[in-house]
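Everything on this sheet refers to the single structure shown next.
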Amino acid sequence: MAKTITSKVFVVQDNIDTDQIIPAHYLNLIPTIPEEYAKLGSYAMAGLPDDQYPTKFVPEGQVKTPYGIIIAGRNFGCGSSREHAPIALGAAGVEAVVAESFARIFFRNSVATGELYPFDTPERLCESVKTGDEATLDLDHDTLTVNGKTYQLKPLGDVRPVIDAGGLFNYARKSGMIASAQ
Amino acid sequence: MTLTEKILARASGKPWVRPGDNVWVNVDVLMTHDVCGPGTIGVFKREFGKNAKVWDRKKVVIIPDHYIFTADAMSNRNVDILREFANEQGLEYFYDVIDDPKGQWRFDTAKGNGVRQFGGRYSGVCHSSLAQKGHNRPGEVLFGTDSHTCQSGAFNQFATGIGNTDAGFILGTGKLLIKVPETMRFFFEGALPRGVMGKDVILHLIGEIGFDGATYRAMQFEGPGVSSLSMDDRMTVTNMAIEAGGKNGIFTCDQKTLDYVNARVAANGTKNTFEPVEPDADQKVIYDKTFDLSKLEPTVACHPDPGQRKLAKELGNIKLDRAYIGSCTGGKTSDFLAFAEVVKGKSVKIDTFGVPSTTEVLNDLKATKWDGQSVWDILASAGVRLTENPGCAACLGGPADTFGRVNTAGIKCISATNRNFPGRMGHKEAQVFLASPATVAASALTGKITDPREFLC
């Protein structure tokens with residue numbers, strides 16, 4: 001099935017750690033409880049320093065972000081193993097993060113939860129692209145088009161069908177690896 | 001094969017594995033805590049059914065430690081969720097805050113944070129507790145819902161952090177699909193000089209390879225220098241493998257490892273059979289460098305990430321507002337002793353907080369006497385604000401009433417903890433400098449970043 005995502009982008013720099021994605025004091029929220037899942041989304045990226053990121057990722061008084069795609073530098077999602085991080089982004093409405101590189105656990109958690117597509121970009125985009133620019137991500141051709149330019153991303157490979165299915169468990173059931181829940 | 005490859009081959013029932021192979025491994029221990037445990041339990045019940053049983057009730061270890069001594073009602077609730085699950089599943093290893101299995105945990109704000117508010121089963125910070133309570137064994141595979149799970153690699157074990165979904169999968173199946181990482185070899189020679197600790201070793205190495213220099217990789221520590229490092233120092237080193245992006249950190253096994261593990265499994269009655277691994281002579285590594293431990297100096301990672309390496313002696317111009325000693329990385333007994341050696345008989349100049357990692361550390365500090373005075377009293381006399389309630393406390397910020405939390409913008413804090421990204425210890429406009437307990441102590445005495453060797457003769 002052809003799939004594209006078109007959205008305004010939110011641009012961040014290197015080393016955006018899990019505390020900036022979802023500050024630790026919100027970890028008392030349990031992601032598997034629907035109301036608490038939604039709350040996690042409303043706090044997504046609340047840990048970004050205000051002086052460097054004057055634009056709010058989730059606008060004041062809202063629970064969702066207008067930015068469906070995040071563009072980042074190196075080592076996005078470093079730090080803690082909290083699954084609350086990809087979950088907060090997914091709950092806020094993020095569908096994909098395009099970064100120069102990802103921290104390992106964040107990448108794995110994004111796939112396991114199916115919350116978002118983590119794309120590696122060989123070209124550093126976080127300097128040339130600005131928050132608010134409109135971009136189109138083509139999942140079938142692994143490209144990002146923004147400001148009239150198309151960038152080739154590293155293919156997602158085996159992890160794409162897992163995210164398409166909605167995460168590890170859905171994928172494992174679909175492919176017959178595990179039985180259905182009793 | 002490397003240490004990591006050998007363990008993963010054994011755990012997946014294969015004669016050998018290579019980096020890049022995806023293998024299903026059998027899990028020896030799954031650890032979770034109060035921050036990720038409730039979500040992991042939620043995933044487990046959603047996916048395996050509400051009456052599902054964990055794959056092996058002796059292989060699940062639950063250690064509340066993150067948000068315990070707080071009046072935050074949801075955090076208190078999360079500890080109660082763990083208790084309910086441990087009861088329902090008949091889990092053997094649940095280190096509860098309270099003694100009553102039917103009770104509810106509520107922090108008593110009237111008593112405050114200074115005095116003991118835990119029962120007889122409570123232990124404290126999960127990674128330190130895994131070691132002390134006999135859950136670390138050479139050659140095994142341990143997963144935990146915490147990025148610093150890599151600390152257990154000090155015991156010649158494959159250990160790494162995972163999210164709730166993977167942990168929920170393990171709870172139901174006892175297995176996980178993982179990719180075999182490439183190995184980077186750090187070959188140690190010599191012994192650490194006085195005033196230099198395990199923390200300085202790992203801060204030096206992270207500075208060397210960069211904050212993402214080990215991403216997806218195993219960091220393997222070996223060589224003749226290993227034998228001079230205490231198990232505490234080795235735990236500090238492996239603890240921070242994640243701060244270079246590492247999948248795991250792992251040491252070779254020696255007599256010190258065996259003595260520690262044998263004593264702990266015997267004292268706690270945990271599983272006492274295990275098989276250490278050694279690296280093959282023809283192992284393939286993608287990075288190989290020798291480090292002379294005797295040449296290392298007190299090292300600091302400056303704001304805003306653990307890769308900002310400087311020597312403590314170069315940073316005397318940085319004025320501080322606060323000092324903090326605690327956590328899995330820097331709150332062990334040996335850490336507090338190194339700190340106390342520097343501050344003994346002197347007074348700290350800035351707000352200084354101390355949080356023992358575990359109840360055992362607390363007891364050690366009260367029982368250890370120097371010239372008739374307990375180390376605990378020596379610290380208190382020097383002006384260190386101490387809590388009797390071990391746990392993660394302000395290392396990761398936590399709820400606003402957490403002991404030692406940085407709640408004010410602009411604060412500069414030197415800390416024996418492991419991470420210093422913006423907001424890590426509370427306020428996102430504060431700055432954290434990571435250093436060894438000895439450097440934190442010397443800096444607390446002067447109010448600026450200070451090389452501890454100035455105070456050690």
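All chains are named by letter (A, B, ...) in the order of the sequence lines, taking the proteins before the strands, and each is independently numbered beginning at 1. Quick caveat, the model's predicted, so the values are computed rather than measured.
- Closest approach of B:F211 and A:N75 over heavy atoms only: CD1-ND2, 3.2 Å.
- Within the 4.5 Å cutoff, the side chain of B:R77 has heavy atoms near those of the A:I30 side chain.
- Residue contact with chain B, scored on non-hydrogen atoms closer than 4.5 Å, involves the backbone and the side chain of A:P49 alike.
- If you measure heavy-atom distances from A:N15 to chain B, the contacts under 4.5 Å come from both the backbone and the side chain.
- Using the six-membered ring where Trp is involved, A:F169 and B:F48 have ring planes that are perpendicular, over 60° apart on the 30 and 60° scheme.
- Side-chain contact between B:I178 and A:R108: present, with at least one pair of heavy atoms (C-beta onward) separated by less than 4.5 Å.
- For a residue to count as touching a neighbouring chain, one of its non-hydrogen atoms must lie under 4.5 Å from one of that chain's; by this rule B:S75 touches chain A with backbone and side chain alike.
- Proximity to chain A (any heavy atom under 4.5 Å) is shown, for B:I41, by neither the backbone nor the side chain.
- Only the side chain of B:I242 has a heavy atom closer than 4.5 Å to any heavy atom of chain A.
- Among all heavy-atom pairs drawn from B:G39 and A:P31, the shortest one is CA-CD, 4.3 Å.
- Taking every heavy atom of both residues into account, A:R82 and B:C36 meet most closely at CA-SG, 4.5 Å.
- When each of B:T70, B:T149, B:T40, B:V35 is checked for heavy-atom pairs under 4.5 Å with chain A, B:V35 comes out on top.
- Using a 4.5 Å cut-off on side-chain heavy atoms (C-beta onward), B:E47 and A:R173 make contact.
- Both the backbone and the side chain of B:R424 come within less than 4.5 Å of a heavy atom in chain A.
- Only the backbone of A:L48 has a heavy atom closer than 4.5 Å to any heavy atom of chain B.
- A 4.5 Å side-chain heavy-atom check between B:D212 and A:S101 finds at least one atom pair inside the cut-off.
- For B:R419 and A:D19, the salt-bridge test fails: no basic side-chain N is under 4.0 Å from an acidic carboxylate O.
- Highest contact tally toward chain B, considering only A:G47, A:G79, A:P86, is held by A:G79 [criterion: heavy-atom pairs under 4.5 Å].
- In terms of heavy-atom pairs under 4.5 angstrom with chain B, the leader among A:N28, A:T32, A:D50 is A:N28.
- Looking at every heavy atom in both residues, B:F421 comes nearest to A:C78 through CZ-SG, 3.5 Å.
- Contact count versus chain A (heavy atoms, under 4.5 Å) is highest, among B:S147, B:G398, B:G245, for B:S147.
- Both the backbone and the side chain of B:P422 have a heavy atom closer than 4.5 Å to some heavy atom of chain A.
- Nearest heavy-atom pair, B:N78 versus A:L27, reported as atom, atom and distance to 0.1 Å: ND2-O, 4.4 Å.
- With a 4.5 Å cut-off on side-chain heavy atoms, A:R104 and B:R217 do not count as touching.
- With a threshold of 4.5 angstrom between heavy atoms, B:N164 approaches chain A through its backbone and through its side chain.
- The shortest distance between side-chain heavy atoms of A:L168 and B:D166 falls below 4.5 Å.
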